[in-house]
> 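My questions all concern the structure below.
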Amino acid sequence: MVVHSDWRVGVASAPVHHGEILQGVFTGRDGLVRGLVTLPCTIHTTRATFTPAPGTGVTVSPDWKGKARRAAELAVRAVVPAGAGPVGGHLELAGDVPLCRGFGSSTSDVLSAIWAVKDAFADPLPPREVARLAVRAETASDSLMFEDSTVLFAQREGTVIEDFGYRMPPLRVLGFGSRPSNRGQGIDTLTLTPARYDGAEIERFATLRDMLRDAIQMKDVALLGSVATASSEINQRHLPVPGFDRIRDIARTSGAVGVQVAHSGDIAGLLFDRDDPEVEARTALAQDLLRSTGIDEQWNYTTGD
């Protein structure tokens, strides 16, 4: 088999997320389904390089990145024409994404792998197909592939429950490790049992979905923060954040619009209106108040830039 002249080394990078704005159970096309709305994040990145080669195998470095290798295999099958013969290659991954924190490290790996394959073969693989491949590669995926809009995403089916039509209004996010005793070690997300929501919570999720739609369409940062806080409060019954009441008090005192958490990790964040003239002072006050409670692992970034 001869290497095609239009093959090239594919390169791509994928972002991470900062947990969720909303996560729960929602009414989809075929009934109730688990879904989430991801909070974008810019502080970590995964970079991937894919070098196509004749043959059926895909190798990966580091070799323990099995989900990313599987994603690359699936992507090659999706983009290479059936009559082209067997195609494999080598996937190289690099990045700085912390594991087991709620940043979506595995989705970032998987997404960068798929996008690198897409780049290698110059294939216009659409986001919904990327989502389908990502879920096949890692069982459950975040919605990082939808860059141009906010979606309510069925993370285990790889389908969009609802496309809200716009990106989120811009935020300043003051992130932190919500379990200081862990000292940045995170939690084992693979051992977490999916939350079992009761009927009242499921009814509440329907209301929050409507609120979030309004917040995004009207660019209402305060309403967006209210949704995130409510989702975080529901999460307290399933993966509680230590000292949550105090964190919520700090949000009120500092003028944050809300509190958000990773529903399968240990990171959390205070949300501020990025365009508030007092945002720097509010963020600084919240940083000091968090430190006074023993939370000194902190970072901040903005969305919508």
Side-chain angles (χ1 to χ4, degrees), residues 12-26 28 33-48 65-68 70-71 74-75 93 95-116 118 125-164 167-168 171 173 175 186-190 192 194-195 205 209 212 216 227-228 231-232 235 238-239 260-269 301 303:
S13 62
V16 297
H17 67 80
H18 200 274
E20 292 76 35
I21 290 291
L22 175 62
Q23 181 165 329
V25 170
F26 305 89
V33 62
R34 292 180 183 273
L36 54 79
V37 178
T38 293
L39 176 61
C41 183
T42 57
I43 62 176
H44 299 293
T45 304
T46 301
R47 298 175 298 279
K65 299 275 190 177
K67 292 178 181 179
R70 173 67 173 156
L74 293 169
L93 294 171
D96 61 354
V97 186
L99 305 179
C100 301
R101 303 300 306 274
F103 285 111
S105 58
S106 60
T107 296
S108 188
D109 285 347
V110 162
L111 184 54
S112 65
I114 294 172
W115 278 347
K118 170 184 172 180
L125 203 60
R128 289 178 187 250
E129 176 66 10
V130 173
R132 186 184 69 83
L133 296 176
V135 167
R136 288 182 63 192
E138 61 168 335
T139 305
S141 172
D142 299 298
S143 58
L144 297 173
M145 64 289 297
F146 296 95
E147 300 178 287
D148 298 324
S149 186
T150 304
V151 299
L152 177 59
F153 185 66
Q155 67 266 33
R156 294 180 177 272
E157 287 76 17
T159 58
V160 174
I161 304 169
E162 180 176 353
D163 185 341
F164 295 114
R167 293 182 178 181
M168 289 182 195
L171 297 164
V173 181
I187 60 177
D188 186 358
T189 58
L190 296 178
L192 288 177
F205 288 136
R209 175 180 178 176
L212 183 58
I216 291 171
V227 171
S231 183
S232 300
N235 184 65
H238 305 283
L239 183 63
Q260 65 84 213
V261 301
H263 290 64
S264 58
D266 79 312
I267 62 172
Y301 69 96
T303 68

> Test Thr150 against every option in Ile21, Ile216, Thr38 by the side chain to side chain contact (heavy atoms under 4.5 Å, CB included) rule and name the one that passes.
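Only one of Ile21, Ile216, Thr38 forms a side chain to side chain contact (heavy atoms under 4.5 Å, CB included) with Thr150, namely Ile216.
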> Excluding sequence neighbours, so at least two apart, what forms side-chain hydrogen bond (donor to acceptor under 3.5 Å, both in side chains) with Ser149?
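Once residues adjacent in sequence are excluded, the partners of Ser149 under the side-chain hydrogen bond (donor to acceptor under 3.5 Å, both in side chains) criterion are Asp163.
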> To check you understand the geometry: which heavy-atom pair defines the closest contact between Val110 and Ala71, and what is its length?
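In this case the closest contact between Val110 and Ala71 is CG1-CB, 3.6 Å.
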> Can you give me the closest heavy-atom contact between Ala12 and Ala116, atom names plus distance?
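Taking Ala12 first and Ala116 second, the nearest heavy atoms are CB-N, 3.5 Å.
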> Which heavy atom of Ser141 sits nearest to which heavy atom of Val135, and what is that distance?
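Minimum heavy-atom contact is CB-CG2, 3.8 Å.
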> Can you tell me how far CG of Leu36 sits from CG of Leu152, rounded to the nearest 0.5 angstrom?
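Rounded to the nearest 0.5 Å, the CG-CG separation comes to 7.5 Å.
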> Any idea which heavy atoms bring Gln155 and Gly35 closest together, and the distance?
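Looking at all heavy atoms of both residues, the closest pair is OE1-CA, 3.2 Å.
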> Taking only residues two or more places apart in sequence or in another chain, which ones pass side-chain contact (heavy atoms from CB on, under 4.5 Å) with Ala14?
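If we apply the side-chain contact (heavy atoms from CB on, under 4.5 Å) test to Ala14, skipping adjacent residues, the hits are Ser108, Leu111, Ser112, Trp115.
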> How would you list, by chain and number, every residue that makes a side-chain contact (heavy atoms from CB on, under 4.5 Å) with Ser13, sequence neighbours excluded?
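So Ser13 forms a side-chain contact (heavy atoms from CB on, under 4.5 Å) with Thr45, Arg47.
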> Can a donor-acceptor pair be found, under 3.5 Å and without considering hydrogens, that links the side chain of His44 to the backbone of Asp96?
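Yes: the side chain of His44 pairs with the backbone of Asp96.
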> Relative to each other, are the rings of His18 and Tyr301 parallel, tilted or perpendicular (30° and 60° limits)?
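His18 vs Tyr301 ring planes: tilted.
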> Quick one: do Leu239 and Val261 satisfy side chain to side chain contact (heavy atoms under 4.5 Å, CB included)? Show the steps, please.
CA-CA 10 Å; Leu239 183 63; Val261 301; over 6 Å; no
> Sequence neighbours excluded, which residues qualify as side-chain contact (heavy atoms from CB on, under 4.5 Å) partners of Ala75?
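Result, side-chain contact (heavy atoms from CB on, under 4.5 Å) vs Ala75: Ile114, Val117, Leu133.
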> With sequence neighbours left out, write down each residue that passes side-chain hydrogen bond (donor to acceptor under 3.5 Å, both in side chains) with Gln23, or none if nothing qualifies.
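With neighbours one apart ignored, the set is empty.
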> Taking only residues two or more places apart in sequence, or in another chain, which ones meet Arg70 in a side-chain hydrogen bond (donor to acceptor under 3.5 Å, both in side chains)?
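For Arg70 there are no side-chain hydrogen bond (donor to acceptor under 3.5 Å, both in side chains) partners, ignoring immediate neighbours.
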> According to the salt bridge (charged side-chain N to carboxylate O under 4.0 Å, His left out) rule, which pairs have a member within residues 134-144, sequence neighbours left out?
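Applying salt bridge (charged side-chain N to carboxylate O under 4.0 Å, His left out) to every pair that reaches into residues 134-144, excluding sequence neighbours, yields nothing.
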> Which ring pair (Phe, Tyr, Trp, His ring centres under 6.0 Å) pairs, counting each pair once, include a residue from residues 137-156, with sequence neighbours left out?
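Sorted pair list: Phe146-Phe153.
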> Could I get the full list of salt bridge (charged side-chain N to carboxylate O under 4.0 Å, His left out) partners for Asp148, not counting sequence neighbours?
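Asp148: salt bridge (charged side-chain N to carboxylate O under 4.0 Å, His left out) contacts with Arg167.
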> Please round to the nearest 0.5 Å and tell me the distance separating atom OG1 of Thr159 and atom CZ of Arg132.
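Spacing of OG1 (Thr159) from CZ (Arg132) equals 12.0 Å.
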> Look at the side chain of Glu20 and the backbone N and O of Val37, then say whether any donor-acceptor pair between them is shorter than 3.5 Å.
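Not a single qualifying donor-acceptor pair exists.
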> Tell me every residue that passes side-chain hydrogen bond (donor to acceptor under 3.5 Å, both in side chains) with Glu157, counting only those two or more places apart in sequence or in another chain.
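Per chain and number, Glu157 pairs via side-chain hydrogen bond (donor to acceptor under 3.5 Å, both in side chains) with no residue.
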> Shortest non-hydrogen contact from Pro98 to Ser105?
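Closest approach of Pro98 to Ser105: O-CB, 3.8 Å.
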> Can you name the side-chain contact (heavy atoms from CB on, under 4.5 Å) partners of Lys65, sequence neighbours left out?
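side-chain contact (heavy atoms from CB on, under 4.5 Å) check on Lys65 returns Val60, Pro62, Ala68, Leu93, Asp109.
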> Looking at every non-hydrogen atom in both residues, tell me the closest pair between Leu74 and Ala137 and how far apart they are.
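Nearest heavy atoms, Leu74 then Ala137: CD1-N, 3.9 Å.
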> Between Ser143 and His17, does any side-chain donor sit less than 3.5 Å from a side-chain acceptor?
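Judged by distance alone, the side chains do not pair up.
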> Quick one: salt bridge (charged side-chain N to carboxylate O under 4.0 Å, His left out) partners of Arg34, sequence neighbours excluded?
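Applying salt bridge (charged side-chain N to carboxylate O under 4.0 Å, His left out) to Arg34 gives none.
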